[in-house]
Amino acid sequence: MTRTIRLGINIDHVATLRNARGGAHPDPLRAAHIAVAAGADGITTHLREDRRHISDNDIVRLMAEIAIPLNLEMAATTEMTAIALHYCPHAVCVVPERREERTTEGGLDVIRQRTTLEKLTRRMQEAGIIVSLFVEPDIIQLEAASMVGAHVVELHTGAYCNAIGTSRADELARLETASAQAVAMGLECHAGHGLDYDTVGAVAALSSITELNIGHFLVGEAIFCGLSDAIQRMRTLMDQSRTAATG
Ligand code: PXP
C-alpha cells in the first residue's frame with residue numbers, strides 16, 4: 001500500500017497550440033516551470049515521430065532547465081532510442097504510435113514486440129534510464145512487461161475514462177486488479193490517459209499505483225482557470241482521494 005501518489009504533468013498540448021501558429025507561444029517550457037511551481041513531481045512529454053507537438057529543441061530545453069524528473073514518452077523505434085540515449089531523461093515510457101491516430105489509442109502489444117522491447121529496455125537501463133511500458137490493464141501484458149525486464153508499467157486509463165455507468169465500474173475493477181498484479185510481480189505501477197477531475201479520484205485511490213500522468217484535460221482547463229490552478233486542483237483531488245483510501 002502506498003500512501004502518496006506522484007503527479008506527472010504532460011505538456012504536449014501546450015506545444016500543439018504553439019505549433020498551430022508556427023511561432024514560439026505558448027512555450028511548453030514555461031508550462032513546465034508553472035507545473036513545477038504548482039507541485040508537479042515530474043514532466044511528461046511525447047516526442048512523436050511526426051513532431052506534431054513537442055520538438056527536439058523542446059527536449060533540449062527541458063533537459064537543461066527543469067530539475068524535476070523528465071519522463072519521455074516514445075515509440076520503440078531506432079530514432080527515438082538514439083534520442084533517449086543521447087539526452088538520458090530520468091525515464092522513458094514506451095508507447096505504441098501510429099501516425100494516423102489523434103492520441104495514443106491503446107497499450108503496447110508487449111508479446112508481439114518482445115524482442116525489440118527486450119533490447120530497448122536493456123540499452124536504456126544500462127544508460128541509467130528507467131523504462132516504463134504503457135499497457136492495457138491486462139495480466140498477459142503485465143507478465144510480458146516483466147519478462148522483457150521493465151521495472152515500471154503505466155496502465156492505460158482511456159477505457160475507464162471513456163466508459164459510462166456500470167462499464168466504468170468494470171474498467172475501474174480491471175485497473176484495480178492489474179495494478180495489484182503488477183505490484184505482486186515486482187513492477188512499479190503508474191497510470192494515465194484521459195483523466196480529468198471526475199475520473200482521477202477513483203484511480204488515485206488505488207494504492208498500488210504510485211504515479212499518474214495527466215495532460216490534455218489540464219491544458220484545456222488552463223484556458224479557463226490558468227495552468228497553475230488546474231494542476232493544484234488535480235493534485236488536491238488526487239491527494240484527498242489517496243488519503244481517504246489509505247487512511
Ligand atoms: N500517459 C501516456 C503514456 C500517454 O501517452 C498520455 C498521452 O500522451 C498520457 C499519459 C496523458 O494523457 P492525457 O493527455 O489524456 O491526460
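Both backbone and side-chain heavy atoms feed into the values below; hydrogens, waters and symmetry mates do not. Positions are given from 1 along the sequence. Atoms within a ligand are numbered from 1 in the order they appear, just like the ligands themselves.
Contact annotation for E73 and ligand 1: only side-chain heavy atoms (C-beta onward) come within less than 4.0 Å of the ligand.
The shortest N or O to N or O distance between V95 and ligand 1 is not below 3.5 Å. At under 3.5 Å, not a single nitrogen or oxygen of C93, backbone or side chain, sits near a nitrogen or oxygen of ligand 1. Considering backbone and side-chain N/O of H216, one or more are found under 3.5 Å from N/O of ligand 1. Among the atoms of E154, some N or O lies under 3.5 angstrom from an N or O of ligand 1. By the 3.5 Å distance cut-off applied to N or O atoms, H46 is not counted among the residues near ligand 1.
Between D58 and R18 there is a salt bridge, with a side-chain nitrogen of the basic residue lying less than 4.0 Å from a carboxylate oxygen of the acidic one. R174 and E171 are joined by a salt bridge, as a carboxylate oxygen and a charged side-chain nitrogen come within less than 4.0 angstrom of each other. Between D239 and R242 there is no salt bridge, since no side-chain N of the basic residue sits under 4.0 Å from a carboxylate O of the acidic one. With salt bridges taken as basic N to acidic carboxylate O contacts below 4.0 Å, none links R30 and E65. Looking at D198 and R168, no side-chain N of the basic residue comes within less than 4.0 Å of a carboxylate O on the acidic one, giving no salt bridge. Salt-bridge formation is detected for the pair R112/D109: a Lys NZ or Arg NE/NH1/NH2 atom is positioned less than 4.0 Å from an Asp or Glu carboxylate oxygen.
The ligand atoms of ligand 1 that sit less than 4.0 angstrom from a heavy atom of G194 are 12 (O), 13 (P), 15 (O), 16 (O). With ligand atoms numbered from 1 in the order given, ligand 1 contributes 16 (O) to contacts under 4.0 Å with heavy atoms of I214. Those atoms of ligand 1 with a heavy atom of G215 less than 4.0 angstrom away are 13 (P), 14 (O), 16 (O). In summary, the atoms of ligand 1 found under 4.0 Å from a heavy atom of N213, numbered by their order in the structure, are 10 (C), 11 (C).
Cluster membership check: L212 shares its hydrophobic cluster with L172, using side-chain heavy-atom separations under 4.5 Å among Ile, Leu, Val, Met, Phe, Trp and Tyr.
At least one heavy atom of F134 sits under 4.0 Å from some atom of ligand 1.
Under the side-chain hydrogen bond (donor to acceptor under 3.5 Å, both in side chains) criterion, N19 pairs with no residue at all, not counting sequence neighbours.
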